[in-house]
Amino acid sequence: MAVPEHVLTVVMPVYNEEKTIDRIVRRVLARPVVGELVSVNDASTDRSWACLQHFAADPRVKLLNQPYNQGKGAALIRGFAEATMPYVIVQDADFEYNPEDYDKVLAPLVAKVADVVYGSRFMNTPGRVRYFRHEMGNKVLTFFSNVFSDIHLSDMETCYKAFRRDVLNNLVLDSKRFGIEVELTAKIAKARCLSIWEVPISYNPRSYSDGKKITWKDGIAALWHILRYNFADKNSCFRNSWELVLPGKFKN
């Protein structure tokens, strides 16, 4: 199924990405499916915010500036609240993930067979050789997330998570840092009525010298978040009942 133009909001958290931000924004805006880019600068200490001003006149672009550094999760939560297109996807401000994959990720949403789609880096897709310990860490976290959420993903930590906007808006989110990946997955799984898909995507990992920010400390924190969010009170996860948000799923 062809994906219509201008149906996607891209939410891009930014922290000290002056080397890549201009080029990745141009690549995002070049995709016909993109109707809106919400870029949230998390109080960068480099020229990232100045670089983003190059796009201030584009009516598709919303530029938000956090007053102080709060973390990726806080930036995403703010960006999600500003989204207006029918579908929403997360995009990091570097070149690890390729915007040319948007159509592939959105296809199950547009076909109305999915409510949430994960772009998996681990579904036998070709690409640059990856760092072993980093990939194994991702797989370990995915394994424990699967155990406690009881959904079988191959890549829980992927950046490319795409949502129906009404589904995303119904989630109560509070994680400030990288725990947002775990929180999103746990709460999506807890709904028990959402159709969750995975599709293979390309991946071009960068090194810490290139600006990669997640560390082993974030991995340890993710294990705590897996326990916290999977055992949290179900009623605190959603703004409204899913029967109200997705009435078509509950017709007799």
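Only a predicted model underlies this, so the values are computations on that prediction, with no experimental measurement involved.
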State the [atom1]-[atom2] distance between [X] and [Y], to the nearest 0.5 angstrom.
X	Y	atom1	atom2	answer
N204	Y97	CG	OH	11.0 Å
F144	L227	CZ	CG	9.0 Å
K112	S195	NZ	OG	12.5 Å
Y229	K187	OH	NZ	6.0 Å
W242	K249	CH2	NZ	9.5 Å
F122	D155	CZ	CG	4.5 Å

Checking side-chain contact (heavy atoms from CB on, under 4.5 Å) for the pair N16/T45: CA distance, chi angles, key distance, verdict?
CA-CA 6 Å; N16 289 353; T45 57; 3.2 Å; yes
For residues [X] and [Y]: do they belong to one hydrophobic cluster (side chain heavy atoms under 4.5 Å, members Ile, Leu, Val, Met, Phe, Trp, Tyr)?
X	Y	value
Y118	V147	yes
F80	M85	no
L246	L244	no
F238	V167	yes
V182	V172	no

For the residue pair [X] and [Y], what are the closest heavy atoms and their distance?
X	Y	result
P4	V110	CD-CG1, 3.7 Å
V245	D166	CG1-O, 3.7 Å
V105	A162	CG1-CB, 3.6 Å
W197	V113	NE1-O, 3.2 Å
P86	V7	CD-O, 3.1 Å
S120	M123	OG-CG, 3.2 Å

Got a donor-acceptor contact below 3.5 angstrom from the [X] side chain to the [Y] backbone?
X	Y	answer
T142	M156	yes
N146	L153	yes
Y160	I201	no
R165	V88	no
N170	N240	yes
R60	L29	yes
E157	L141	no
E18	C51	no
R78	N65	yes
N98	E100	yes

F231: what forms a ring-ring contact (aromatic ring centres under 6.0 Å, His included) with it, not counting sequence neighbours?
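With neighbours one apart ignored, the set is F148.
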The single option from D115, L194, I188 passing side chain to side chain contact (heavy atoms under 4.5 Å, CB included) against F163
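Going through the options one by one, the only one that passes is I188.
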T185 and side chain to side chain contact (heavy atoms under 4.5 Å, CB included): which single residue from I151, I226, I196 fits?
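Running side chain to side chain contact (heavy atoms under 4.5 Å, CB included) over I151, I226, I196 with T185 returns exactly one hit, I151.
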side-chain contact (heavy atoms from CB on, under 4.5 Å) for E17 and I24? Distances and angles first, verdict last.
CA-CA 10 Å; E17 299 287 4; I24 191 62; over 6 Å; no
Apply salt bridge (Lys or Arg N to Asp or Glu O under 4.0 Å) to residues D150 and R192 and explain how you reach the verdict.
CA-CA 10 Å; D150 195 31; R192 289 303 183 206; 3.8 Å; yes
Do [X] and [Y] touch side chain to side chain, with heavy atoms closer than 4.5 Å?
X	Y	result
E198	S154	yes
I180	I77	yes
R239	N169	no
Q91	Y102	yes
V40	L76	no
K19	D46	no
T84	K62	yes
L173	L184	yes

Identify whether the distance between the nearest side-chain nitrogen and carboxylate oxygen of E181 and K72 falls below 4.0 Å.
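Salt bridge between E181 and K72, a charged N being under 4.0 Å from a carboxylate O: yes.
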On the ring face of Y203, is R121 found with NZ or CZ under 6.0 Å from the centre and within 45° of the axis?
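So R121 does make the cation-pi contact.
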Apply side-chain hydrogen bond (donor to acceptor under 3.5 Å, both in side chains) to N69 and list each qualifying residue two or more places apart in sequence or on a separate chain.
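side-chain hydrogen bond (donor to acceptor under 3.5 Å, both in side chains) check on N69 returns D42.
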The criterion is salt bridge (Lys or Arg N to Asp or Glu O under 4.0 Å); which residues satisfy it with D103, sequence neighbours excluded?
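D103 satisfies salt bridge (Lys or Arg N to Asp or Glu O under 4.0 Å) with no residue once adjacent residues are dropped.
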Test log, rule side-chain contact (heavy atoms from CB on, under 4.5 Å), inputs R27 and F95:
CA-CA 10 Å; R27 288 178 66 177; F95 297 116; 3.2 Å; yes
